[in-house]
Amino acid sequence: MDYSNLNSEQLKAVMQTEGPVLILAGAGSGKTATMTHRIAHIIEQGEDPRSILAVTFTNKAAGEMRSRVSVLTPGIRGMWIMTFHALCLRMLRFHCELLGYKEGFTVYDETDKKALIKRIYKDLDYSEKEYPLASTIGRISKSKEQEIDPEEFLMQSSGWHDDKVVQAVYERYQEELMANNAMDFDDLLWNGVKLLENNPNVLRYYSERFKYVMVDEYQDTNYLQYKLIRMLASAHGNLCVVGDDDQCIYEWRGADIRNILDFENDYPDTVTIRLEQNYRSDGNILGLANSVIRNNKGRKSKSLWTDREAGEPVTYKRCDDEKLEAWYVTREIEEWRSKGLDYKDFAILYRKNALSRPFEEKLSFCGIPYRVLAGLRFYDRKEVKDVMSYLRLLENPDDDVAMLRVINEPKRGVGAKSLSNITQYAKAYNMSMYAALCEEEVRATLTKKSKAEVENFLEMIADLRREKENLTLGDLYDNMLNRSGYLNALEKANTIEADGRIENIMEFKSVIGAFEKGLDDGTIDEMLEEFEEERRALLGEGFRAEEPSALVTFLERITLMAEVDNHDANENAVVLMTLHGAKGLEFPVVFMPGLEAGVFPGASVIDDAAKMEEERRLCYVGITRAKKKLYITSASTRMMYGRTDYQMESPFLEEMDWSLMDGDKLNSERRTAGGGLRDEGGLLGEYFFGGRTLGTADGYSGQPKSRPFDSLSASARETESKAHLSQNFEIGDTLKHPKFGEGLLIAQDDKTMTIMFDSAGQKKIGKGYVKIEKIG
DNA sequence: CTCGTGTGCCTTTTT
DNA sequence: GGCACACGAG
């Protein structure tokens with residue numbers, strides 16, 4: 001194999017295959033290349049690929065590693081390169097009966113979890129106001145991460161009423177999960193650990209099999225993941241972990257930075273290798289990153305360096321408000337693009353999703369393609385969750401969360417009263433809702449019409465359950481859509497909203513198609529074949545391993561998928577995402593907006609030293625995403641959650657090395673004595689959009705790079721003036737609204753228009769907020 | 001039972 | 001400002 005691309009430290013990491021190895025890999029230091037070469041090297045040594053386990057946190061990282069390894073060692077199969085959750089899930093699929101689960105168990109995502117806990121609240125008569133759901137869910141999750149079961153929770157609890165509530169919900173939640181034959185994400189890890197801890201023969205099998213264990217992003221492992229890895233690597237002791245304590249940004253989620261800081265104590269005779277040469281960022285960017293992160297205490301000594309040139313200075317821009325900030329960013333993107341960069345070379349990375357809107361508006365206004373990686377995952381949309389719930393029921397009819405989602409969707413006349421009848425019966429006889437519904441006496445409580453519809457629904461499930469072995473996933477899906485009446489109900493609704501849902505349902509169909517045709521790691525048949533091989537090996541060891549079906553495999557894959565996994569680096573669009581989502585990625589030009597106290601760092605952490613350090617690491621992660629050019633911006637006032645607040649500059653700005661920066665100076669407040677925003681006058685054009693100020697140009701920096709909007713495309717300017725003019729309509733005009741569709745203007749004043757929409761009825765629309773077109 | 005309107009909430013979120 | 005959710009009228 002060719003190792004000539006590797007530097008001496010990387011090479012050392014590749015060759016050190018035996019014993020515990022700690023690779024401290026700074027940002028952009030060629031970590032993935034090192035790991036993939038290491039795997040390839042082990043295989044080249046003649047080791048069985050099946051003896052290799054490489055664990056990551058994201059599907060994306062796993063996929064990347066898999067494909068890069070396959071370039072180095074074509075045709076090699078049998079390694080386990082997957083996320084922690086997928087790893088546990090795979091073992092649990094084979095051995096779930098040892099923990100009391102049934103074959104085909106369901107994995108609940110956060111939405112399912114929330115729905116279930118909500119139901120438990122209702123049952124136990126707790127109010128969400130008094131005991132916020134989010135806090136209860138958080139505490140349950142934290143407990144699970146620490147292996148604290150409901151019983152132990154009780155013993156450790158302070159005895160406060162709040163604790164008792166959480167305890168009661170927690171206990172009930174675990175019971176329900178078990179009854180539904182389901183696990184949540186935390187259970188996957190905990191059950192994975194339990195499986196190995198309680199079953200010495202299982203532990204022996206896997207730990208002996210995995211001669212070489214590797215873990216990526218080790219700084220973000222939590223207690224369970226730590227234990228899991230420790231056990232899996234116990235037989236051979238060849239454990240190689242890669243991480244960067246400066247990039248630990250998930251402590252709030254249970255990640256324990258001590259796992260990496262204490263690794264050398266945990267594993268005596270550890271060989272520690274530092275990858276400190278950064279190949280990603282130009283000198284100024286790296287210098288800035290170092291100037292920020294050095295303010296953290298308690299980090300492993302490490303200094304990133306580069307032999308690249310200093311490059312562009314980092315530009316800081318203090319803007320008047322969030323709209324101007326977005327304009328500024330948009331304009332700089334156009335400016336760079338005119339110099340030959342592509343849209344996909346830019347990323348806008350913010351602290352929280354709520355910051356994305358102004359950027360979306362300005363980008364879309366200027367016709368710049370962009371993609372927001374945030375908010376609702378495709379698979380979290382109501383209609384997608386619904387159709388998935390139908391599919392889930394085919395595999396696991398005990399899944400009450402799925403049942404509750406779809407029993408009355410489409411409407412089958414099963415309301416609160418009927419539901420309560422069904423669930424009470426189910427509870428009394430200790431059965432699932434599906435089982436209860438199968439009882440004639442339960443259905444007898446429904447109205448005649450409703451009874452017939454429910455029976456039709458049950459029959460569909462029974463039929464499809466029988467047929468599922470013989471149908472392709474696509475056919476199964478089509479059958480389900482038609483026979484459930486789900487699609488029909490949406491078609492009948494004939495609203496814009498329903499049309500959107502139908503579109504998503506069809507999109508889901510193409511996801512199924514893609515899955516059947518094959519993904520990056522092979523076709524579905526190859527995957528099932530690999531399962532079968534694993535299973536045979538396990539059977540040979542005396543385990544009774546069940547092979548999961550294609551449907552189960554499909555469903556779990558989607559459940560374990562994250563939004564960032566959808567990021568396609570080849571799509572030519574500006575990317576918008578949170579700083580958390582950006583870890584592991586890189587872009588030629590990065591914008592970091594919202595460097596304001598209360599936004600970044602967030603308001604609640606500013607006087608918590610430990611949390612400030614994590615926040616600072618997040619800042620470090622953001623800076624080190626940039627290869628060529630970094631912009632940092634802030635806004636003097638920002639409207640968020642419907643309120644406009646005055647924003648101080650972020651304390652992180654004070655820590656930065658300003659000799660590496662240009663643009664505005666720190667504390668460059670731009671307010672008039674009266675407290676109002678200073679109109680930068682003269683130079684700046686002011687632009688109106690439906691009577692509101694849209695944007696002013698950069699008049700501050702003394703040497704404006706361009707006249708206002710010169711760098712915006714001609715079509716953007718045209719659209720702008722059109723948008724302005726188009727707000728003047730006359731009564732009787734037929735108008736088109738992007739959301740509500742066509743309608744007739746029946747009244748207006750200077751601020752609003754009253755429109756009678758064909759499908760949405762009469763609405764009052766504020767002028768200048770959305771694009772309204774005249775069509776007749 | 002379903003639809004409509006009103007109230008409260010609002011970090012970050014690998015899986 | 002927007003959305004999800006709870007509650008009240010038909």
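Here is the naming used below: chain letters follow the sequence lines, and residue numbers restart at 1 for every chain.
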Heavy atoms from C-beta onward define the side chain here; which of dT2(B), dT11(B), dT14(B) lies closest to that of Ser604(A)?
dT11(B)
For Val414(A), which contact category applies under a 4.0 Å heavy-atom criterion: base, sugar-phosphate, or nothing?
sugar-phosphate
Salt bridge check: are Glu453(A) and Lys411(A) linked by an N-O gap of less than 4.0 Å?
no
What is the distance, rounded to the nearest whole Å, between atom CZ of Arg381(A) and atom P of dC3(C)?
13 Å
So what does Met639(A) hit on the nucleic acid, given a heavy-atom distance under 4.0 Å: a base, only sugar-phosphate, or nothing?
sugar-phosphate
Checking all strands, does Arg643(A) fall into the base, sugar-phosphate, or nothing category for heavy-atom contacts under 4.0 angstrom?
nothing
Does dT11(B) have its OP1 or OP2 closer than 4.0 Å to a side-chain nitrogen or oxygen of Thr578(A)?
no
So Lys411(A), base contact, sugar-phosphate only, or nothing? Heavy-atom distance under 4.0 Å.
sugar-phosphate
Determine: side-chain N/O of Tyr218(A) to OP1/OP2 of dT14(B), distance under 4.0 Å, yes or no.
no
For Glu217(A), report the nucleic acid contact type (base, sugar-phosphate, nothing); a contact means any heavy atom under 4.0 Å.
nothing
Do Ser650(A) and Glu596(A) have side-chain atoms, one donor and one acceptor, less than 3.5 Å apart?
no
Whole-Å distance between dC10(B) P and Tyr350(A) OH?
20 Å
Does dT11(B) adopt a syn or an anti glycosidic conformation, taking syn as a chi angle within 90° of 0?
syn
Using a cut-off of 4.0 Å on non-hydrogen atoms, how would the nucleic acid contact of Asp220(A) be classed: base, sugar-phosphate, or nothing?
base
Give Thr56(A) one of three labels, base, sugar-phosphate or nothing, depending on what nucleic acid heavy atoms sit under 4.0 Å from its own.
nothing
Verify stack between Tyr250(A) ring and dT13(B) base, 5.5 Å, 30 degrees:
no
Integer-rounded Å distance: dA6(C) C1' and Tyr121(A) OH:
16 Å
For this output row, return yes or no: ring centroids of His85(A) and Phe57(A) closer than 6.0 angstrom.
no
How many Å lie between CG on Asp244(A) and P on dT14(B), as a whole number?
20 Å
Touch check for Gly413(A), heavy atoms < 4.0 angstrom, all strands: base, sugar-phosphate only, or nothing?
sugar-phosphate
According to a cutoff of under 5.5 Å between the ring centres and under 30° between the ring planes, does Tyr641(A) stack with the base of dC9(B)?
no
Can you see whether Glu383(A) engages Asn504(A) through a side-chain donor-acceptor pair at a distance of less than 3.5 angstrom?
yes
Send over the distance from Leu373(A) CG to dT12(B) P, rounded to a whole Å.
15 Å
Just call it for Ala416(A): base, sugar-phosphate, or nothing, with non-hydrogen atoms closer than 4.0 Å on any strand.
sugar-phosphate
Kindly indicate whether the side chain of Gln647(A), heavy atoms from C-beta on, has any atom under 4.5 Å from the side chain of Arg638(A).
yes
Using a cut-off of strictly less than 4.0 Å, decide whether Lys118(A) has a side-chain nitrogen or oxygen near OP1 or OP2 of dC5(C).
yes
